[in-house]
Number of protein chains: 2
Amino acid sequence: MVTIYDVARHAGVSAATVSRVLNGHVKVDPVLAGRVTDAVAQLGYRRNAVARNLRTSQTTLWAVIVSDVQNPFFTSMVRGIEDVALSAGYSVVLCNSDENPEKESNYIAAALAERMAGVVISPSSHRVDDVELLLQAGCPVVVIDRELAGISTDTVLVDNEHGAQIGTTHLADQGFRRIACIAGPRWLSTATQRLDGYGKALRAAGLPVDPALVRHADFRERGGYEAMASLLDDNAAAPPDAVFAANNLMTIGAMECLVERGIAVPSDVAIVGFDAIPWADLIRPTLTTVAQPTYEVGRRAAQLLVKRLAGPAEEPTHVVLPTALQIRASSIRVTARPR
Amino acid sequence: MVTIYDVARHAGVSAATVSRVLNGHVKVDPVLAGRVTDAVAQLGYRRNAVARNLRTSQTTLWAVIVSDVQNPFFTSMVRGIEDVALSAGYSVVLCNSDENPEKESNYIAAALAERMAGVVISPSSHRVDDVELLLQAGCPVVVIDRELAGISTDTVLVDNEHGAQIGTTHLADQGFRRIACIAGPRWLSTATQRLDGYGKALRAAGLPVDPALVRHADFRERGGYEAMASLLDDNAAAPPDAVFAANNLMTIGAMECLVERGIAVPSDVAIVGFDAIPWADLIRPTLTTVAQPTYEVGRRAAQLLVKRLAGPAEEPTHVVLPTALQIRASSIRVTARPR
DNA sequence: TTGTAGGCGTTATCAT
DNA sequence: ATGATAACGCCTACAA
């Protein structure tokens, strides 16, 4: 392993000078600097970031802890984070907690142990202990997508309640009367807010909120499938005529269940999903969704982190981005039902 | 920041003893050990991995550098890597090179600088310099999905040529005669092997290999879309009656182009794609694909890395996993064409 | 079994 | 402007 001492010897200068050349920002005689640069090239020297991090007690790495790398929502968001981070001189490493609080804990511990510069996290659990740990250690944190109760950090969320409301209202406006909801896990703010929006929309439309038409699932495809199956099985006498699914993967799962059972969409059951679905245009019928500005969520989160790393401690910022209803075929009422 | 010295003082022992308790594997008086454990808990001590890494010159972090986090192929693979890594005591951080050789370079530099334990990479470029760097530095590397010419590392690939061959042969068997190919970038082994398989299948079926029916694109959705458009525009006189698309995202793009132009699949143009497509069952028509064992690719790669980290240097292992044709609706010949 | 001391590779302080 | 030197927090001979 070649160190700055090797470079120094080879260039005929001191280690301190090598360090100064490497870091710039300090005046060094151009001649010496040239010798150093040459030596670096000849010896193939690469700075040891570990030693540097230890000495300076700061890193250039961000940990982005997402709750499901297989969900396109998060990967799109990650792109937003990366673009800002890279142009601010940071590198982003992605950690997949897989909706598993234990894995999440481990990654937070790793970020802490490795003294990473900052963390962007979409929490997999409602426990605040782990995030609290980061804060206590002075590690800047931006929480995205999911609210963490009783903790004060920079946050970037979307307007979940309103999004769910416009999605559900749209179904009510179309004339559907038994609108079911496939909600997310009870402990995620994202899920409860969307459920609230669903409820509000129903009440505003003068429709009853029937617990028999609500299922909680896990934000995964499988969960959406099973929730849909359960809704159909348990309401055989008076089946739902529409369903609002609280995230993208569950929407897919619900659709798969409907297709499998030969239930026509939207004529038998209409559907609106929360969050965009990749290649939604190829799915038949095309899916009405409540779109979130995913890339923008990442971008804003990264900007907050950059700001916090640069400047002194300020009050936490809370960003809430808007959602928008994208109406496609799956939610349109078919009055004359073809047979 | 609380260090082992603080813990030592608090527990009334030396720093060395604290270190020994923390690491286990060395006999320590249970009484002292207890005092240390208590002190750690009380002070909220967390080991500084940076210092530890510097001292021991080894890490517990793997860098997984993928060429596109937005491609479900890679995320599924990452899950395979994670599962093995975690159970072997390593943590996985994901780096997205975004098919961009420069970003890839940066991440490799970071992995090197941070002295990560090992690297799993699906190269974004055919340049071997960067990977060579890792090898020279003694950092174990496993290359996945894409072959790197002139470099000797553990590798996990799939049988691309054979996969492309069975996909194309299937189209020929169905009676299609003008089978186009949307190939990937010329410099990726994955792309050239699939193109070779396509060619072989045509020749075996007694069909001509017509350069006018081949397009190279970038393995992204947009690229597939444009390639399809170009195939249709440039062959207006004798359009293709089928197309083999060399990866999942390009298959999607091609489909979107066909749908947009009102070209019926498979009656006007049939399609077979390489690699699975999420919720392929919801797309109409359902898509015939050549499936790869994505999770298994990740798992095997991780196993190779674990082995190399554990044992002494051995000959590089090359794993090639099989592919399988999954026939769905998009490739089935419709003889009596409904109008 | 426990403690002392040196060093991992860098950067920052202090003279010069 | 440059060089010697100490220190970052930890681990590990070596000595006791």
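These numbers come from the heavy atoms of this one structure, side chains and all, not from hydrogens, waters or symmetry mates. Proteins get letters first, then strands, A, B, ... in listed order; numbering begins at 1 in each. These numbers were taken from a predicted model, which means no experiment stands behind them.
If you check D:dT2, D:dC10, C:dT11 against the side chain of A:Val28, the one that comes closest is D:dT2. The side chain of B:Thr17 approaches C:dT2 more closely than any other nucleotide in the set D:dT2, D:dC10, C:dT2. Among D:dG3, D:dC11, C:dT4, the nucleotide with an atom closest to any side-chain atom of B:Ile4 is D:dC11. With distances taken from any side-chain atom of A:Arg55 to the nucleotides D:dG3, C:dT11, D:dC10, the minimum falls on C:dT11. For B:Ala16, counting side-chain heavy atoms from C-beta on, the closest listed nucleotide (D:dT2, C:dG9, C:dT4) is C:dT4. For B:Lys27, whose side chain is taken as the heavy atoms from C-beta onward, the closest listed nucleotide among C:dT1, C:dT10, D:dC11 is C:dT1. Considering only the side chain of B:Asn23, D:dC11 comes nearest among D:dG3, D:dC11, C:dG9. Closest to the B:Asp29 side chain, of the nucleotides C:dT10, C:dT11, C:dT2, is C:dT2.
In this structure, A:Met1 places its CE atom 7 Å from P of C:dG9, rounding to the nearest Å. Atom NE2 in A:His25 sits roughly 16 Å away from atom C1' in C:dT10 (whole-Å rounding). Atom CG of A:Asp6 is separated from atom C1' of C:dT10 by 13 Å (rounded to the nearest Å). Rounding to whole angstrom units, CG of residue B:Leu54 and C1' of C:dT11 are separated by 13 Å. Put simply, CZ on A:Arg9 is 13 Å from C1' on C:dG9, counting in whole angstrom units. Residue B:Tyr5 contributes atom OH, which lies 8 Å from atom C1' of D:dC10 at whole-angstrom precision. Rounded to a whole Å, the CG atom of B:Asn48 is 12 Å from the P atom of D:dC8. Atom CG in B:Leu22 sits about 8 Å away from atom P in D:dC10, given to the nearest Å.
Here B:Asp83 does not pair with B:Arg299 in a salt bridge; the nearest charged N to carboxylate O distance is not below 4.0 Å. Salt bridge A:Glu99/A:Arg146: present, at least one basic N to carboxylate O contact under 4.0 Å. Using a cutoff of 4.0 Å between basic side-chain nitrogens and carboxylate oxygens, B:Arg9 and B:Asp6 are scored as salt-bridged.
Among the atoms of the strands shown, base atoms are found under 4.0 Å from some heavy atom of A:Arg20. Within 4.0 Å (heavy atoms only), B:Leu32 reaches sugar-phosphate atoms of the nucleic acid but no base atom. No contact: A:Val26 has no heavy atom under 4.0 Å from any strand. Across all strands shown, A:Ser57 has no heavy atoms under 4.0 Å from either base or sugar-phosphate atoms.
Atom CD of A:Gln136 has more than 12 neighbouring heavy atoms from other residues, nucleotides or ligands inside a 6.0 Å radius.
The phosphate of C:dT11 has OP1 or OP2 within less than 4.0 Å of a side-chain N or O from A:Ser19. Dashed line: the shortest gap from a side-chain N or O of B:Arg47 to OP1 or OP2 of D:dC11 is under 4.0 Å. Between B:Thr3 and D:dG9, a side-chain N or O to OP1/OP2 separation shorter than 4.0 Å is absent. Look at B:Arg52 and you'll find a side-chain N or O under 4.0 angstrom from OP1 or OP2 of D:dC11.
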Item to check | Audit row: A:Phe74, A:Asp145, side-chain contact (heavy atoms from CB on, under 4.5 Å) steps and yes/no | outcome: CA-CA 9 Å; A:Phe74 289 112; A:Asp145 185 53; 3.9 Å; yes

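Between the side chains of A:Asn53 and A:Glu114, no donor N or O sits under 3.5 Å from an acceptor N or O.
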